[in-house]
Amino acid sequence: MIVNQRRNFLKALTATPLLSGISFNSQASTGLEQKKVVVVGGGFAGATAARYLRRWSDCEVHLIEPNTAYHSCILSNLVLTGDRSLDSITFDYSNLESKYGVHLIEDSVSRVDSSNQMLYLASDSEQSNPINYDKLILAPGVEFIYPDWSIDFDTIPHAWKAGPQIDLLKQQIDNLQNGDTLAIRVPSGAYRCPPGPYERTCAIADYLNRQGLTVSIKLIDPNSTLNGTNVVANVFSNTFGENNLYPNVEYIAGDDVADINADKMVTLASGENFTAQAINYIPDQQAPDIVRSTLYPDSDQAWAGVNPLTYASTSDEVSNAANIHIIGDSQATAQPKAGHIANAEAKICADAIIREFLGMAPYPNPMTNSACFTPINHSEAAWISAVYRYDGSEIVTEKVGNSPGANAKNYHMMFDWANNLFNDSFG
Ligand SMILES: Cc1cc2nc3c(=O)[nH]c(=O)nc-3n(C[C@H](O)[C@H](O)[C@H](O)COP(=O)(O)OP(=O)(O)OC[C@H]3O[C@@H](n4cnc5c(N)ncnc54)[C@H](O)[C@@H]3O)c2cc1C
């Protein structure tokens, strides 16, 4: 039975949502050449949406992204430990352009005018060259909510968006000496990749052990229990619990960082303080300003509400909100904030937009699935997988499964899973 369950979940690890019965041919001729979709953000969500809109239709697709290449957060903890290079998890957009005819615009979007269905680029300071759209997909990921402390946060990496932040945290880890302290803070509220901070703690603890260094790691978690452990419970209870895999890790649950000063003195809400030679403060998160200011000008909404059949905005604060779709980490459904599910949401959204252009109703029973692999040292990993379905009013969890523990087979499977996802988003 367990074997069967496991097989089913492993099948679900391929980055394929259960799409509609309609089958569009690759770059099909659908008579939609006059329709224009603009996608904002070239992460797992935005790149996949652009790719599939063009695979399944001939509508005009523009992808606006400020960076020439995308650094994946997925597998980025292995860059901290030197087990992967940043280059190996970096993807450019050339395939989207050459294979699928996506128009790339290297810029950021600074403002959206939903009433007139147009947006402005950051480089257009005069706001004289608006870009119009029939449909807009917002996929800008997350924005950090920084506390109001005097510390310069440029020196305290979050490394929760990959790229230079990962390099900076790696440098700080590599400078640690025997007897030093590393502090890692877990975000509170909804944040991307719930098991990620615990995974990172394990990966770094293992790395430091391998260097023969005794470094005290303080994992400060405002949540009262390990967030995400309902799915990776077996692994993490043996990691930070009684039979602690990493005795140098002190798990401080139900407390938070209240201040960090210029000398790297960390003060906790409980009053305890200590000096840490390296600090990985992962701030709380919300949808980026471009999402919130576009859709919620009159209220304080952290994440964007969507119709789960189409990912169209449900905001009633601006006109034509239903022509703006939000996918990936910025949206507010019960699905986790994760790259695999972002890829699945993107395909449902692309399918729904094409159907709407063709005068068809959205597919009524979309299902999505997500997987997360958690390396707990340099040779073993655990996985979790969940399936979600639309129950007629909202997205609910259909099934959750996790590997009984971490092992070497999972560690290898992690790379196959990630490569599938990378190819399905950027390939
Ligand atoms: C350490 C770590 C490990 C993880 N492991 C996993 C895992 O195992 N499995 C999993 O499924 N997920 C994992 N995740 C989560 C995953 O990385 C995110 O959920 C995913 O990246 C979300 O995709 P997205 O497209 O919504 O946002 P992003 O990937 O952040 O992409 C957003 C893009 O939008 C662009 N952008 C932002 N604002 C604008 C603007 N105004 N104009 C134009 N472009 C803009 C940005 O430059 C960026 O390229 C992990 C995350 C971390 C931090």
Side-chain angles (χ1 to χ4, degrees), residues 13 15 38-50 62-80 89 91 93 104-112 119-123 131 136-144 158-163 165-166 169 184 187 190-201 203-204 228 232 280 282 285 287-294 303-304 326-331 335-346 368-375 381-386 414 417-418 421-422 425-426:
L13 300 189
V38 178
V39 183
V40 178
F44 287 105
T48 306
H62 297 255
L63 175 64
I64 306 175
E65 163 61 52
N67 302 304
T68 49
Y70 178 76
H71 302 292
S72 165
C73 285
I74 295 176
L75 302 186
S76 65
N77 284 335
L78 298 182
V79 177
L80 296 175
I89 53 166
F91 306 94
Y93 301 102
L104 297 175
I105 302 176
E106 204 180 303
D107 212 323
S108 295
V109 173
S110 59
R111 185 166 80 82
V112 177
L119 56 83
Y120 296 89
L121 298 176
S123 62
I131 296 177
L136 175 64
I137 298 179
L138 293 179
V142 296
E143 175 183 281
F144 298 114
H158 51 75
W160 220 238
K161 291 184 184 179
Q165 283 274 322
I166 289 284
L169 181 58
I184 300 177
Y191 66 89
R192 70 167 34 154
C193 196
Y198 314 108
E199 165 190 323
R200 176 172 288 174
T201 303
I204 295 173
V232 278
N280 176 208
I282 309 171
Q285 293 155 37
D289 179 64
I290 192 67
V291 173
R292 290 175 298 107
S293 61
T294 299
W303 308 101
I326 308 94
I327 53 173
D329 286 357
S330 299
Q331 54 76 44
Q335 295 163 116
K337 301 199 181 299
H340 187 147
I341 203 95
N343 164 285
E345 292 163 11
T368 51
N369 66 277
S370 178
C372 205
F373 275 85
T374 300
W383 58 262
I384 65 172
S385 178
M414 170 172 71
W417 160 80
L421 180 60
F422 297 153
S425 305
F426 303 98

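For reference, positions follow the sequence shown, starting with 1. Start at 1 and go down the list; that is how both ligands and their atoms are numbered.
Short contacts between ligand 1 and Ser76, defined as distances under 4.0 Å to a heavy atom of the residue, involve ligand atoms 1 (C). Every atom of ligand 1 with a heavy atom of Pro66 under 4.0 Å away is listed here by number and element: 43 (C), 44 (N), 45 (C), 47 (O). Remark: ligand 1 atoms within the under-4.0 Å shell around heavy atoms of Gly43 are 25 (O), 29 (O), 31 (O), 33 (C). For ligand 1, the atoms sitting less than 4.0 Å from at least one non-hydrogen atom of Ser108 are 42 (N), 43 (C), numbered in the order shown with element in parentheses. Interface atoms of ligand 1 facing Ile64, defined by a heavy-atom separation under 4.0 Å, are 43 (C), 44 (N). Atom numbering of ligand 1 starts at 1 in the shown order; those under 4.0 Å from a heavy atom of His340 are 10 (C), 11 (O). Those atoms of ligand 1 with a heavy atom of Gly328 less than 4.0 angstrom away are 26 (O). Within the listing of ligand 1, atoms 1 (C) sit less than 4.0 angstrom from a heavy atom of Asn77.
Aromatic ring centres of Tyr70 and Phe44 lie closer together than 6.0 Å.
Within the 4.5 Å cutoff, the side chain of Ile290 has no heavy atoms near those of the Leu119 side chain. At a threshold of 4.5 Å between non-hydrogen side-chain atoms, the residues Ser76 and Ile89 count as touching. Under the 4.5 Å side-chain criterion, counting only non-hydrogen atoms from C-beta, His158 is in contact with Phe144. Counting heavy atoms from C-beta outward, Ile74 and Trp417 have side chains that approach closer than 4.5 Å.
Evaluation of the ring-ring contact (aromatic ring centres under 6.0 Å, His included) rule for Phe422 yields Phe91 as partners, not counting sequence neighbours.
Nearest protein heavy-atom neighbour of atom 16 (C) of ligand 1: Gly339 N, 3.4 Å. When only non-hydrogen protein atoms are considered, atom 48 (C) of ligand 1 lies nearest to Glu65 OE1, 3.4 Å. Looking only at heavy atoms of the protein, atom 7 (C) of ligand 1 is closest to Cys372 SG, 3.4 Å. Counting protein heavy atoms only, atom 30 (O) of ligand 1 is closest to Arg192 NH2, 2.6 Å. Of all protein heavy atoms, the one closest to atom 13 (C) of ligand 1 is Ile74 CG1, 3.4 Å. Nearest to atom 42 (N) of ligand 1 among the protein's heavy atoms is Val109 N, 3.0 Å. Distance from atom 39 (C) of ligand 1 to its nearest protein heavy atom, with residue and atom name: Pro140 CB, 4.0 Å. The closest protein non-hydrogen atom to atom 5 (N) of ligand 1 is Cys193 SG, 3.4 Å.
Looking at Glu143 and Gln285, their side chains never bring a donor and an acceptor atom within 3.5 Å of each other. Judged purely by distance below 3.5 Å, without hydrogens or angles, the side chains of Asn369 and His340 pair a donor atom with an acceptor atom.
A donor-acceptor pair under 3.5 Å links the side-chain atoms of Lys161 to the main chain of Val142, judged by distance alone. Looking at Tyr93, its side chain does come within 3.5 Å of a backbone N or O of Gly42 through a donor-acceptor pair.
Remark: ligand 1 and Glu199 share no N or O pair separated by less than 3.5 Å (distance only, no angle test). Backbone and side-chain nitrogen or oxygen atoms of Phe44 are examined, and one is located within less than 3.5 angstrom of a nitrogen or oxygen of ligand 1. Not one N or O of Ser330 is nearer than 3.5 Å to an N or O of ligand 1, by distance alone.
Residue contacts with ligand 1 for Asn67 involve side-chain atoms from C-beta outward but no N, CA, C or O (heavy atoms, distance under 4.0 Å). With a heavy-atom cut-off of 4.0 Å, Tyr70 touches ligand 1 through its side chain alone. Counting heavy atoms closer than 4.0 Å to ligand 1, residue Trp417 contributes side-chain atoms (C-beta onward) but none from N, CA, C or O.
Contact record, Gly141 with Arg192: CA-NH2, 3.8 Å, taken as the closest heavy-atom pair. When every heavy atom of Ala139 is checked against every heavy atom of Gly46, the shortest pair comes out as CB-N, 3.6 Å. Of all non-hydrogen atoms in Ala45 and Ala346, the two that sit nearest each other are O-CB, 3.3 Å. Counting all heavy atoms, side chain and backbone alike, Gly328 lies closest to Glu345 at N-OE1, 2.7 Å.
Note on ligand 1: Ala139 sits in its first shell, one or more heavy atoms being nearer than 4.0 Å. Between Ala371 and ligand 1 there is a heavy-atom distance shorter than 4.0 Å.
Evaluated by nearest non-hydrogen atom to atom 27 (O) of ligand 1, the leading choice among Gly141, Pro336, Ala346, Ala45 is Gly141.
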- Can Ser370 and Gln335 be said to form a side chain to side chain donor-acceptor pair (under 3.5 Å), step by step? CA-CA 9 Å; Ser370 178; Gln335 295 163 116; over 6 Å; no
